Every structure is written in C-alpha cells, then in structure tokens.
Number of protein chains: 2
Amino acid sequence: MAYRETSRIRERKQITRQTILTNALRLLNESGFSGIQMATLARQCQLATGTLYRYFSSKEALCTAVFEHATIIEINRVAAQLQQAHKGVPERIADALMTFAKRALRAPVAAWALIAEPVEPAVSAARLRYREQYATLFAQAIDEGIVERSLPQQNSTLSSHALVGAIAEALIGPLAQQNQYQPWQAISASVQFCLQAITATPYTIICPQQELSHEQR
Amino acid sequence: MAYRETSRIRERKQITRQTILTNALRLLNESGFSGIQMATLARQCQLATGTLYRYFSSKEALCTAVFEHATIIEINRVAAQLQQAHKGVPERIADALMTFAKRALRAPVAAWALIAEPVEPAVSAARLRYREQYATLFAQAIDEGIVERSLPQQNSTLSSHALVGAIAEALIGPLAQQNQYQPWQAISASVQFCLQAITATPYTIICPQQELSHEQR
DNA sequence: CTAAGAAGTGAATCATGATTCAGTTTTTAA
DNA sequence: TTAAAAACTGAATCATGATTCACTTCTTAG
C-alpha cells in the first residue's frame, strides 16, 4: 500500500471538475448541447480528452451534469426571489415565476437547450429532476403562505407541480414550435393563472409594455 | 443521339425537386438545419441518397435552397401585408413588420435556423440575399408612400435596409444571446422606431398586453 | 528513496452521417 | 426495336467527432 487520496488531491479534482463544468456551460450558452465537443472542451480546460473521461463516464453523463449545474444556477435565482423577507408569499411567487421566465427569454440559447433541444435520454431524465427541484422550492413557499394565511389551505405538492408545469408550458411554447400565443402574453397569462390558482382570487400583473409606453411619452 | 430531356421529364424533375424541398423544410421546422440528414431526407422523399445529389450538389447547396425556399414563404407573407389596398403605406409597413416578427416568434425553431443557427458559409451568404429581398420589398412600399405623400421624400433603398436591419436585430436579440430587452418589447419598439424613422412623426403601436388584460377583465 | 496506485495523456479506434460511383433502369429519337 | 443518354440506386468510402487504452507522470506511505 502506498498511494491514498489526500484532501489536497480531492480539492484539486474538485477544482478540475468545476473547470470542466464551467467551460461546458459557456459552450452551452454559445450553441446549446450540440456545441459541447469533447476535444474542444478539453482544450479549453487545458486537459487531454481522456482526462474528461476520468471525471465523466461519457459525453451524455457530462451533458447531464452540465444540465444540472445550469439548473442549480437558475434554481438559486428563483430561490432568491422566494426569500424576499419584506414581501408577501403571493408576490414572492409571482416574482419568482417572472424571474424564471425572464431569465429564460434573456438567454434563449441556454433556455432552449435546457427546455427543448433534442438530447439524449439521460439528459431528458435530468429535465424531470429539474422540474422536481423547482416544484420542491415552490412547495415550500406555498406551505409558508398557508401558515401565514396569505394562501388558502391546499396540497402544496400538487399546486407546486401544476405551477411549474404551467410556466414551463408557457416557455416551451414560445421557444419551441406549436404554440398559438406570444411569449410575453403567455408568460403574464401563466403567472396570472398560477397566482390565481394558488390564491383563489383575481390577480393582475404589471405589463412590461405599459412601462415601455410610459417611457416613450 | 437518342435521349433528349422532354417537358414531361422536366416537370417530373421539378416535382421531385419540390418534394425534396418540402420534406427538408419540414425537417427544418422540426429541428433546424442540423435536423436535415441526407439519408433521412431521402427516405422521406422515397428516393435513394444518391438521387439527392442529382438535384443538389451537396448538403450545403441543399440547405441553401431550403433556406431560400423558406424565405420565399416568409417574403410572400410580408408582401401580402404590404399590398393591403385599403390601408395607408405606414400602416401597411407596420403590419408587415409585425407579421415578420410574429411569424418568427411563432415558429422559433425555423426562425432561429433562418436567423441565428450556426451554419456553413454558403447558407450565411444566403442570409444576406434574404435580407436583400426584404429590403427590396420594403423599398417598393416606401417609394409608393413617397408618391402618395404619406411618407416624406427619402432614399428608399437606404431606408429599407435600415428597416430590415432594425427588425432583424430585434429578433436576433430575443432568439440569440446578448440582448438586454424582452422580445415583444423589442419588436414593438423596433416597429415604432422603424415607422418613426420613415414617417418622421410620432407613431404608437397597439400593445398585445392591452388586448390580453381587456379580455381577462 | 522507492514502489504501489492514481491521475493524466493523446494517438488509435469506433460510430455516425455525408458523399461517391459502378452498376441498373428509364427515356427518347431514329 | 435499338442504342445513346440520362436518371436512379444503394453499398462502399470518407470525414468528423466520441471513446478507448497503453503508456507516462504524479502522489503518497512506508
């Protein structure tokens, strides 16, 4: 017996892994999953292609990890909106949904990659986990709302899944093919739909076009 | 001497060519240029892969032709808007720009493919011709407007190119990466910008959100 | 310092999809 | 009916990018 992994090595590997993910994420933002090529990625990380396979068993596994890495970033943004202490739960949820949607529309290549780009089955499976994570987050907020009486009694797990499904649908539409409505219309309608669904009262959201026409006058 | 191409054969070849383009266009709408595979396309057309090469010298040439075919469809839509006899030129141009933008947002995979998907150089060159065709169309309308006095005197060629550039920019932004604004905001602002640019007077467009909130009340 | 055990390397191999081409079928004019 | 000239075919070949693996370098415990 001689070599044994030390914390120094563990940390170094952690950094290398992070480097790979960061560079892959940049490629994802530039041209989607199809833009991630093992040789290119290795070069950008200053590693040999073989080394990538010491960190990820296949390109599919790598793409899945990138997917999850990107998702965590988005999740954190949404989580931040859900934690605004000075606002009520319904408003926080509306903010979170809007943030989710706006970020998707602001980085559409990445959003398209995360939501609609045709990918291998393993990445599709990650998509399901991704929605699950969002649902969990929203479910916590809903539970909070129920406790503070700003939301009526309800099954928070069910509500949160419905909520994620509705907002994703509103984004998949505009980003993919077969929708009949327009992006912003779909988003505001969805947020309104979601909020009305969980508050069980009418809910009006501020329309970005109103801000625009105000500025221009 | 014996075989000589007859009109019967010429027509049959024309139909085959059209079949290829139609099937390729469907693939384009489904998953962009990367979704067009020679073997798949040949199968869908009930042809051998080699036959595709009798009609198009390479996949690149085929993609270019598909690009142009798709473009012609879009051009015809825009042209139809520009020909509405009962409306003034400025309104017709606004309608045409909106149509262009809306269609792009309604078929974003195709729009992304036509406007932003990374493609071979020959297809990029087709993009320039595509913009040129739009410019020509708008230039004709502008000239008409000048004659009927609904538009002030101006260089219609220059104006039309500026107009196409502005609206494309407003679409490339939302569909690609680095923009700061939202799709509908970008479109309405661009159409407003374009109309104000060519009419030299304030111009307000109807905001889709207003229709929405009206419906929902 | 040394040898076991990893980690890292990159050229060789494999898989996928574009392209070619030798052979087959179709079409035409005489 | 026939032979020239296409048109068509699809298996073979080529190109690109993922994956492997024999080898080298690094790290650690003794």
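Bear in mind that the values here come from a model prediction, so they are computed numbers and not experimental data. Chain A is the first sequence line, chain B the second, and so forth, proteins listed ahead of strands; every chain is numbered from 1.
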### Heavy-atom check, side chain of B/T16 versus side chain of B/R54, under 4.5 Å
no

### Query
What is the distance from atom SG of A/C45 to atom CZ of A/R17, rounded to the nearest 0.5 Å?
12.5 Å

### Query
Which part of the nucleic acid, if any, lies within reach of B/F56 when heavy atoms closer than 4.0 Å are counted: base, sugar-phosphate only, or nothing?
nothing

### Message
Between A/F138 and A/L97, is there a side-chain heavy-atom distance shorter than 4.5 Å?
### Response
yes

### Message
Measuring to OP1 and OP2 of C/dG8, would you say a side-chain N or O of A/Y55 lies under 4.0 angstrom away?
### Response
yes

### Query
Looking at side-chain heavy atoms only, is the closest gap between B/E91 and B/Q84 below 4.5 Å?
no

### Query
How about B/L27 and B/V66: do any of their side-chain heavy atoms sit closer than 4.5 Å?
no

### Query
Within a strict 4.5 Å, meaning less than it, do heavy atoms of the B/F67 and B/T71 side chains meet?
yes

### Whole-Å gap separating C1' (C/dG8) and CD1 (A/I20)
11 Å

### Query
Could you state the CZ-P distance from B/R10 to C/dT26, rounded to the nearest angstrom?
22 Å

Using atom names, set out every protein N or O paired with an N or O of nucleotides 24-28 of chain D below 3.5 Å, distance rounded to 0.1 Å.
| from | atom 1 | to | atom 2 | distance (Å) |
| --- | --- | --- | --- | --- |
| D/dT27 | OP1 | A/R12 | NH1 | 3.0 |
| D/dT28 | OP1 | A/T6 | OG1 | 2.5 |
| D/dT28 | OP2 | A/R8 | NH2 | 3.2 |

### Message
Just to verify, what does A/E5 make a side-chain hydrogen bond (donor to acceptor under 3.5 Å, both in side chains) with, not counting sequence neighbours?
### Response
A/R10, A/K13

### Query
In whole angstrom, what separates B/E11's CD from C/dT27's P?
14 Å

### Query
What does nucleotides 10-19 of chain D look like as a protein-contact string, B for base, S for sugar-phosphate only, - for none, at under 4.0 angstrom between heavy atoms?
BB-----SSB

### Task
Give a yes/no answer on whether the side chain of A/R54 brings an N or O atom under 4.0 Å of OP1 or OP2 in C/dG8.
no

### Task
For the residue pair A/Y134 and A/F100, categorise the inter-ring angle as parallel (less than 30°), tilted (30 to 60°) or perpendicular (more than 60°).
perpendicular

### Separation of C/dG8 C1' from A/K13 NZ (nearest whole Å)
12 Å

